[in-house]
Protein chains: 2
Amino acid sequence: MAVKGDETRARLIEAARTLVEAKGYHGTGLNEVLAVAGAPRGSLYHHFPGGKDQLVGEALAAAGREVDGIVGELTATAPTSRELVLALLEGLADRMVAAGYAKGCPVATVALEVASTNDHLQPICGGIYTGWQRPLADALRADGHDAAEADELAVTVLALIEGALVLARAGRSRIPIEQTGRRIAKLLGTD
Amino acid sequence: MAVKGDETRARLIEAARTLVEAKGYHGTGLNEVLAVAGAPRGSLYHHFPGGKDQLVGEALAAAGREVDGIVGELTATAPTSRELVLALLEGLADRMVAAGYAKGCPVATVALEVASTNDHLQPICGGIYTGWQRPLADALRADGHDAAEADELAVTVLALIEGALVLARAGRSRIPIEQTGRRIAKLLGTD
DNA sequence: AAGATTATGTAGATCGGTCTAGAGAGGAAT
DNA sequence: ATTCCTCTCTAGACCGATCTACATAATCTT
């Protein structure tokens with residue numbers, strides 16, 4: 001019966017991922033996670049003996065891998081880094097609006113909450129962000145930027161995306177994303 | 001003695017401001033705010049009959065005005081928008097590191113937490129961000145950008161600052177801020 | 001004296017976490 | 001093939017702590 005157990009575990013991670021993205025670490029109660037996942041309390045501490053920290057940590061890691069996959073797909077279809085970033089940005093904006101501004105960056109809220117207070121989750125958040133920089137830098141190098149410039153641009157583009165999501169969610173409007181998108185197009189348009 | 005009452009009120013706002021910036025809305029308990037402020041529970045509900053939401057809302061507004069003042073001072077001394085933004089960024093980075101990454105943007109954490117869940121605080125966060133855009137756009141116009149471009153650049157610069165702070169706090173490192181700062185210098189350096 | 005402010009105490013809910021009991025599937029032995 | 005055992009997983013009660021909010025009384029200021 002390893003199958004059913006894994007399904008419960010996956011449902012718990014998925015529920016935690018959604019709730020944590022919308023309301024943050026402290027704003028998400030385990031009771032709500034259990035209700036959304038439709039799982040009893042015992043299952044949670046069976047699958048995640050490390051408790052809330054372990055559950056949220058694995059939920060963040062899963063969200064990070066999901067973005068990796070999306071970026072990987074876009075890299076295969078987008079002709080240049082410019083199209084890659086713009087497609088990524090538009091996809092994030094659509095997702096955010098469709099969720100009633102409950103979705104943005106799945107890591108950012110927790111990252112800010114735990115930066116100075118939780119030594120287990122903070123490095124996980126930091127690691128996800130550095131992991132996202134690599135494919136961006138690769139795409140930029142493929143477009144002719146030298147290594148140092150590609151790294152710097154990758155961080156800058158990632159910061160722009162994160163910042164645009166913050167402003168968009170704060171104002172419940174996709175306009176900031178569209179405005180920064182136009183600027184990114186110019187930033188990456190002419191090499 | 002209206003003075004002593006006002007001092008207690010100010011201490012409560014200041015304590016809430018610091019704690020909320022470090023740990024977010026849900027991560028900050030009123031008991032902790034009261035302990036830091038050295039105030040009894042009754043004072044809180046006397047000065048803030050609206051409870052936690054009112055206290056945090058006024059704390060955010062105070063933080064917003066504080067940044068307004070800093071930007072105003074920098075505008076008076078910085079020769080161009082480029083120097084203004086770079087000085088602002090460096091000041092934020094210093095403040096963040098000095099606080100052990102407990103400080104970043106005083107609004108961002110709450111903005112993400114409440115974007116889809118709290119109809120009282122969400123517009124306050126959104127309003128603070130739009131308020132910050134104005135002096136930036138003014139400085140950009142003073143440097144020769146036309147109005148539409150200045151608005152777009154102001155949002156982009158603000159997004160870059162916010163995103164850089166997210167990445168820096170997530171990784172407990174000021175390097176992302178320095179990297180984006182170099183890119184901002186190039187972005188605003190040559191008109 | 002009167003109003004403003006402080007000082008506690010407490011209510012009711014919810015928090016994360018732990019515990020024990022039992023349900024259910026797969027394998028081994030006969 | 002059936003019985004039985006074992007182990008994974010589920011189920012839910014329960015714990016102490018903490019949360020926000022409110023009530024009431026004491027204190028201070030004018």
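Chain letters run A, B, ... following the sequence lines, proteins first, then strands; residues in each count from 1.
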d(CG, L12(B); C1', dT6(C)) in whole Å: 11 Å
Send over the distance from D6(A) CG to dA25(C) P, rounded to a whole Å. 16 Å
Check: D143(A) side chain, T80(A) main-chain N or O, donor-acceptor pair, under 3.5 Å: no
Nearest-Å distance for atom pair CG/P, residues L34(A) and dT14(C): 15 Å
Pairs under 3.5 angstrom only: tabulate donor-acceptor contacts from the side chains of residues 66-79 of chain A to other protein residues two or more places apart or in another chain.
{"from": "T75(A)", "atom 1": "OG1", "to": "V71(A)", "atom 2": "O", "distance (Å)": "2.6"}
{"from": "T77(A)", "atom 1": "OG1", "to": "L74(A)", "atom 2": "O", "distance (Å)": "3.2"}

So, is T8(B) near the phosphate of dT6(C), with a side-chain N or O under 4.0 Å from OP1 or OP2? yes
Whole-Å distance, H47(B) NE2 to dA21(D) P, equals 17 Å
Throw together a table of side-chain donor-acceptor distances under 3.5 angstrom for residues 123-131 of chain B, partners on residues two or more places apart or in other chains.
{"from": "Y129(B)", "atom 1": "OH", "to": "A108(B)", "atom 2": "N", "distance (Å)": "3.4"}
{"from": "Y129(B)", "atom 1": "OH", "to": "E162(B)", "atom 2": "OE1", "distance (Å)": "3.1"}
{"from": "T130(B)", "atom 1": "OG1", "to": "G126(B)", "atom 2": "O", "distance (Å)": "3.4"}
{"from": "T130(B)", "atom 1": "OG1", "to": "G127(B)", "atom 2": "O", "distance (Å)": "2.9"}

Apply salt bridge (charged side-chain N to carboxylate O under 4.0 Å, His left out) to R95(B) and list each qualifying residue two or more places apart in sequence or on a separate chain. E21(B)
State which residues pass salt bridge (charged side-chain N to carboxylate O under 4.0 Å, His left out) with E152(A); sequence neighbours excluded, sorted by chain then number. R182(B), R183(B)
Looking at DNA chain D, which of residues 39-46 of chain A put a heavy atom within less than 4.0 Å of it? P40(A), R41(A), G42(A), S43(A), H46(A)
Contact list please: residues 50-61 of chain A against DNA chain C, heavy atoms, distance less than 4.0 Å, in numerical order. G51(A), K52(A)
Set of residues satisfying side-chain contact (heavy atoms from CB on, under 4.5 Å) with respect to A142(B), sequence neighbours excluded: none
Residues of residues 106-123 of chain A with a heavy atom under 4.0 Å from any atom of DNA chain C, listed by number, are none
Spacing of OG1 belonging to T28(B) relative to CD belonging to E113(B), to within rounding of 0.5 Å: 8.0 Å
Using a 4.5 Å cut-off on heavy atoms from C-beta on, say whether the side chain of D94(A) contacts that of E90(A). yes
With sequence neighbours left out, write down each residue that passes side chain to side chain donor-acceptor pair (under 3.5 Å) with D119(A), or none if nothing qualifies. R172(B)
Could you list who else is in L34(A)'s hydrophobic cluster, with ILVMFWY side chains joined at under 4.5 Å, directly or through other members? L12(A), I13(A), L19(A), L30(A), V33(A), V36(A), L44(A), Y45(A), F48(A), L55(A)
Using side-chain heavy atoms (C-beta onward) and a distance below 4.5 Å, is V155(B) in contact with D151(B)? no
Quick one: salt bridge (charged side-chain N to carboxylate O under 4.0 Å, His left out) partners of D138(A), sequence neighbours excluded? R141(A)
Geometric cation-pi criterion K23(B) and Y25(A), 6.0 Å radius, 45° cone: no
Of all of residues 17-32 of chain B, which get a heavy atom below 4.0 angstrom from DNA chain D, listed by number? T28(B), G29(B), L30(B), N31(B)
